[in-house]
There are 2 protein chains.
Amino acid sequence: MKVNGAPLKQGMLPGLLGYRLRLAQQAVFRDFSASVAEISPGRFGILLLIDANPGVTQSRLAQAVSLERSTMVGVLHALQGSGLVERRRGTDRRTNGLWLTPRGHALMARLKRRIQAHERRVASRLSAAEREQLLGLLGKLTG
Amino acid sequence: MKVNGAPLKQGMLPGLLGYRLRLAQQAVFRDFSASVAEISPGRFGILLLIDANPGVTQSRLAQAVSLERSTMVGVLHALQGSGLVERRRGTDRRTNGLWLTPRGHALMARLKRRIQAHERRVASRLSAAEREQLLGLLGKLTG
DNA sequence: AGCAATTGTTCGGGCCCCCAACAAATATGA
DNA sequence: TCATATTTGTTGGGGGCCCGAACAATTGCT
């Protein structure tokens with residue numbers, strides 16, 4: 001077996017928050033995908049918010065997760081195509097109200113435990129206090 | 001001016017590390033793109049490593065930044081197309097050695113200050129100690 | 001009634017990433 | 001040395017995630 005030479009010099013790269021955030025997020029994304037094959041992390045978050053706020057508008061939803069309205073369209077189109085979300089025209093006929101379909105509710109119920117397991121696994125190298133600390137620092141970063 | 005109703009209920013979403021990481025990374029990405037128009041965060045990292053390890057192989061580079069070899073191909077193709085990176089066949093004729101072109105070196109020199117300013121701006125809401133703490137916790141997460 | 005603002009949408013663009021399969025080249029071991 | 005295994009870069013197809021400009025329909029405002 002051939003042994004690789006010296007490890008690469010990393011320079012300032014490990015000191016850049018953006019780089020470290022990418023590595024961390026990628027690791028989390030990987031674990032999520034491995035444990036929850038039915039849906040992607042981003043779409044799951046959307047479903048979560050619709051579940052907690054039945055009838056919510058696309059714009060409000062987009063704002064809540066820091067996305068553009070135009071981005072939300074595609075996500076919801078996909079979720080609707082999968083039969084997980086229903087769009088209903090609001091009394092303000094410009095708006096669409098969003099609801100989970102029975103299928104959507106069933107999925108969320110089925111996923112709850114697996115998501116919690118995923119979160120435990122992801123944070124397994126952290127103590128409870130460290131996890132809180134991390135969440136807090138990330139919140140500070142976002143502002 | 002119309003006032004939006006109650007803020008959305010977020011449910012378990014803010015407690016998910018993946019979600020918070022996405023928000024944070026997106027904020028950092030935005031600031032990077034705004035302050036460094038010439039190149040993307042990912043490509044910048046690649047240039048950094050090539051600069052610090054002249055002649056490095058594509059595979060070793062991919063491994064260093066947790067990417068697949070096949071992913072690296074496209075990135076390097078783009079960087080080569082922009083005249084920032086040069087590929088030379090190694091003595092092991094399976095490999096390509098990677099070097100920055102003069103133009104690549106010039107770019108990196110020109111970007112150094114702006115990247116540092118970007119990093120300061122991104123971490124501006126954090127104390128120096130908190131920033132170190134965050135980097136450490138992210139490192140723990142990745143393992 | 002007329003102008004301004006909001007909502008959802010389309011369209012085009014970009015970044016980031018993976019897997020399977022493959023040819024060329026090198027390493028390995030009988 | 002020759003056959004086999006491994007490594008490297010590559011192509012091709014796929015997916016996730018995100019934005020801005022421009023537009024029609026609808027509503028708010030005056």
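Listed pair A:Gln25 / D:dC17 fails the phosphate criterion, with no side-chain N or O lying under 4.0 Å from OP1 or OP2. Proximity of B:Arg43 to the phosphate of C:dC15: a side-chain N or O atom is located under 4.0 Å from OP1 or OP2. Residue A:Arg93 places at least one side-chain N or O under 4.0 Å from the OP1 or OP2 atom of D:dT26. Taking side-chain N and O atoms only, B:Ser59 has a distance below 4.0 Å to OP1 or OP2 of D:dG9.
As rounded to whole Å, 14 Å separates atom C1' of D:dT10 from atom CE of B:Met72. When rounded to the nearest whole Å, the span between CG of B:Leu67 and P of C:dC19 equals 11 Å. Rounded to whole Å, atom C1' of C:dT7 lies 8 Å from atom CG of A:Asp92.
Residue A:Thr57 is classed as a sugar-phosphate contact, given heavy-atom separations below 4.0 Å to backbone atoms only. A:Thr95 comes within 4.0 angstrom of sugar-phosphate atoms only, judged by non-hydrogen atoms across all strands, and of no base. Among the heavy atoms of the strands, none lies under 4.0 Å from B:Ser33. Nucleic acid contact class of B:Arg87 (heavy atoms, under 4.0 Å, all strands): sugar-phosphate only. Among the heavy atoms of the strands lying under 4.0 Å from A:Arg30 are primed sugar atoms or P, OP1, OP2 only; no base atom is included. Nucleic acid contact class of A:Arg69 (heavy atoms, under 4.0 Å, all strands): base.
Checked against D:dC17, D:dA25, C:dC18, the side chain of A:Ser40 finds its nearest nucleotide in D:dC17.
Looking at B:Leu107, B:Val36, B:Ile115 one by one, the single match for side chain to side chain contact (heavy atoms under 4.5 Å, CB included) with B:Phe44 turns out to be B:Ile115.
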